[in-house]
Amino acid sequence: MDSETMRDLVMYWQGVTIDDEAAARLAALSTSVGKTLNAVAGRSMFDTEPAHFDRALVTMAGHGDD
Amino acid sequence: MTDLTQMTLVEAADAVASREVSARELTEACVSKAERMQPTLNCFISLDPEGTLAEADAVDAALAQGKAAGPLQGVPLAHKDMYYRAGKVSTCGSKIRKDFVPDHTATVLERLAAAGALHMGGLNMSEFAVGPFGHNEHWGHCHNPWNPDHVTGGSSSGSGSSVGGRVVFGALGSDTGGSIRLPSACCGLVGMKGTQTRVSRYGVMGLSFSLDNVGPLTRTVRDNARMMGIIAGADPKDLTASAMPVDDYEAATLNADIKGLRIAVPANYYYDGATDDVRALMNESLKMFELLGAEIVTVEVPDHEKLADLAIAMRGPEGAVLHQAWMRDRPEDYGAQVKARLEPGLAIPGTEYVTSQQVRPRITQRFVDRVFAEADVFHAPTINIPVPSIAESDVKASPDFPAVNAGMTHCTRPINYLGLPSLAVPAGFTDNGLPASFQLVGRPFAEATLYRVAAAYEAEAHFSDQSPD
């Protein structure tokens, strides 16, 4: 995404004005985050349950001696 | 001991409980130190000597009547100025909230008060807890007690500076990407970021609901365990706080034995960009662990090249939601770097935010399976470069600032996304004379194990005995 489009989208979606430098930074970030998340998700999430992080953490807890 | 401020938190509490020292004497020593050090450290946003002395007198009167002492009875503490106390200003280190008076009190402050702790005042912090160096354009930069030309680390800058500077005996910080562990590392302190759901956040300013953690900064491991044991646990006012039972952390620090313990060190990621002096200190700490009977194993950590993006996909929108109206209506009231660090949240689509949440348990599981199949704890630098000077890090919103920020949080930020407990431990001094630190990371809810391992190290290494005074 080019920075001008990013600046326009942020104004349209959020009503917030960002300068040229911020628009360029956000455009680069958007590309990077998009690539990473696509790679991590990797498949349809249609059959997933809502994430419940505490329950996941409890499941992963060890049974140490402390 | 002539200078009461040099005591540890546990020593101070014991001295008051046994009436060897009165709470007033202890408080007067801390107030005097605070007034003397404030021009150098700028660690307080607000200081309340009269209120604290009145609390101290009430403690002394109760003890004189034979009332039982709590575990922090009469001990002066101070906290990052984002812990709400009903009727008291909480600035959040900002211009926007400089006169904000909350109508409720943070659960963790109520728990500390119930344990007998005194409240000295509100501590300096990065504006809205955004910024790993501790800079603050509105309230002035906070300074490192080991060398005031250097940063304290942020965002809990005043917490690091005041405890490291022997002004108060302990402080709460908050950690969304390293903000407890970084000031602990920079100021030679012990700092605990617990398991993500271990401590209530009720009454605490939010930055990112999914990544924010509350925890203590102290001079010793045992001090830290005592504070953490008091604040941890379920809270009906915060349904995100886990119902998992809280272990006896302080007991884990006593006569700590780590013979046979396996410590994992990373083969990748954490030493990227590390300086030689930090590497040497990390190796020395590992040799110490071996001498104590631990076995060192090397592991490849999974997914770390992705964690920065996953974390920003989570933290960005959560922070933007909290700040959107002010970013729209009064952008000039934010510091330049703070505004620049909040802006990414405006550009993350909802689908990416939800994805970051949905894949989080799977990513954490992969780390746990890989690392804790081989070891009991994970060891890595807290910061893999020497503590920078204020001048080196004061980049505001220059084009360099994302890289400078990322370098500072390189080793801490992944652990927030993983949601795992991490304890920063003093590990000596780099070539510039500033403190260095390693972090011990454990399985979810393994805080007691981290305290045990750190206590065993501390008892041999003695870095916590050293004071900048």
**Prompt:** Taking Gln365(B), Met244(B), Lys339(B) one by one, which has the highest count of heavy-atom pairs under 4.5 Å against chain A?
**Reply:** Gln365(B)
**Request:** Can you establish whether the number of heavy atoms outside Tyr269(B) located under 6.0 Å from its atom OH is more than 12?
**Result:** yes
**Prompt:** With side chains defined as the heavy atoms from C-beta onward, is the minimum distance between Phe53(A) and Pro361(B) less than 4.5 Å?
**Reply:** yes
**Item:** Top of Gln324(B), Gln357(B), Glu305(B) for chain A proximity - count of heavy-atom pairs under 4.5 angstrom
**Value:** Gln324(B)
**Message:** Under 4.5 Å from any heavy atom of chain B, what part of Ala51(A) do you find: side chain, backbone, both or neither?
**Reply:** both
**Request:** Just give me the residue among Ala27(A), Ala56(A), Pro50(A) that pairs up with chain B most often, heavy atom to heavy atom, under 4.5 Å.
**Result:** Pro50(A)
**Message:** With a 4.5 angstrom heavy-atom cut-off, is it the side chain or the backbone of Pro331(B) that approaches chain A, or both, or neither?
**Reply:** neither
**Request:** Any chance you could measure Glu352(B), atom CD, to Thr36(A), atom OG1, to the nearest 0.5 Å?
**Result:** 9.0 Å
**Fill in**
Interface check, chain A: of Arg362(B), Arg198(B), Glu447(B), most non-hydrogen pairs under 4.5 Å belong to Arg362(B)
**Request:** Output the distance between atom CE (Met327(B)) and atom CD (Gln14(A)), rounded to the nearest 0.5 Å.
**Result:** 8.5 Å
**Item:** Contacts of type salt bridge (charged side-chain N to carboxylate O under 4.0 Å, His left out), residue Arg360(B), not counting sequence neighbours
**Value:** none
**Complete:** Closest heavy-atom pair, Ala41(A) versus Thr355(B), reported as atoms and distance to 0.1 Å, is CB-CG2, 3.8 Å
**Asked** Top residue by heavy-atom pair count (under 4.5 Å) with chain B, among Ile18(A), Thr17(A), Val40(A), Asp19(A)?
**Response** Val40(A)
**Prompt:** What distance do Ser30(A) atom OG and Ile348(B) atom CD1 have between them, rounded to the nearest 0.5 Å?
**Reply:** 6.5 Å
**Prompt:** So which part of Leu307(B) gets closer than 4.5 Å to some heavy atom of chain A, the side chain, the backbone, both or neither?
**Reply:** neither
**Asked** If you measure from CG on Asp54(A) to OG1 on Thr195(B), what distance do you get to the nearest 0.5 Å?
**Response** 9.5 Å
**Request:** Below 4.5 Å from any heavy atom of chain A, which atoms of Thr364(B) appear? Answer side chain, backbone, both or neither.
**Result:** both
**Complete:** Filtered by a 4.5 Å non-hydrogen cutoff, the part of residues 2-11 of chain A contacting chain B is Met6(A), Val10(A)
**Prompt:** Top residue by heavy-atom pair count (under 4.5 Å) with chain A, among Thr197(B), Leu346(B), Thr351(B), Val354(B)?
**Reply:** Leu346(B)
**Item:** Close side-chain approach of Pro444(B) to Val58(A), heavy-atom, < 4.5 Å
**Value:** no
**Message:** Counting only non-hydrogen atoms closer than 4.5 Å, does Met45(A) touch chain B with its backbone (N, CA, C, O), its side chain (CB onward), both, or neither?
**Reply:** side chain
**Request:** Just give me the residue among Asp329(B), Asp309(B), Asp303(B) that pairs up with chain A most often, heavy atom to heavy atom, under 4.5 Å.
**Result:** Asp309(B)
**Tyr334(B): ring-ring contact (aromatic ring centres under 6.0 Å, His included) partners, not counting sequence neighbours** = Phe128(B), His323(B)
**Complete:** Contacts satisfying side-chain hydrogen bond (donor to acceptor under 3.5 Å, both in side chains) that involve residues 37-48 of chain A (not counting sequence neighbours) are Thr48(A)-Gln358(B)
**Request:** Would you give the length of the straight line joining atom CZ of Phe445(B) to atom CE of Met60(A), rounded to the nearest 0.5 angstrom?
**Result:** 9.5 Å
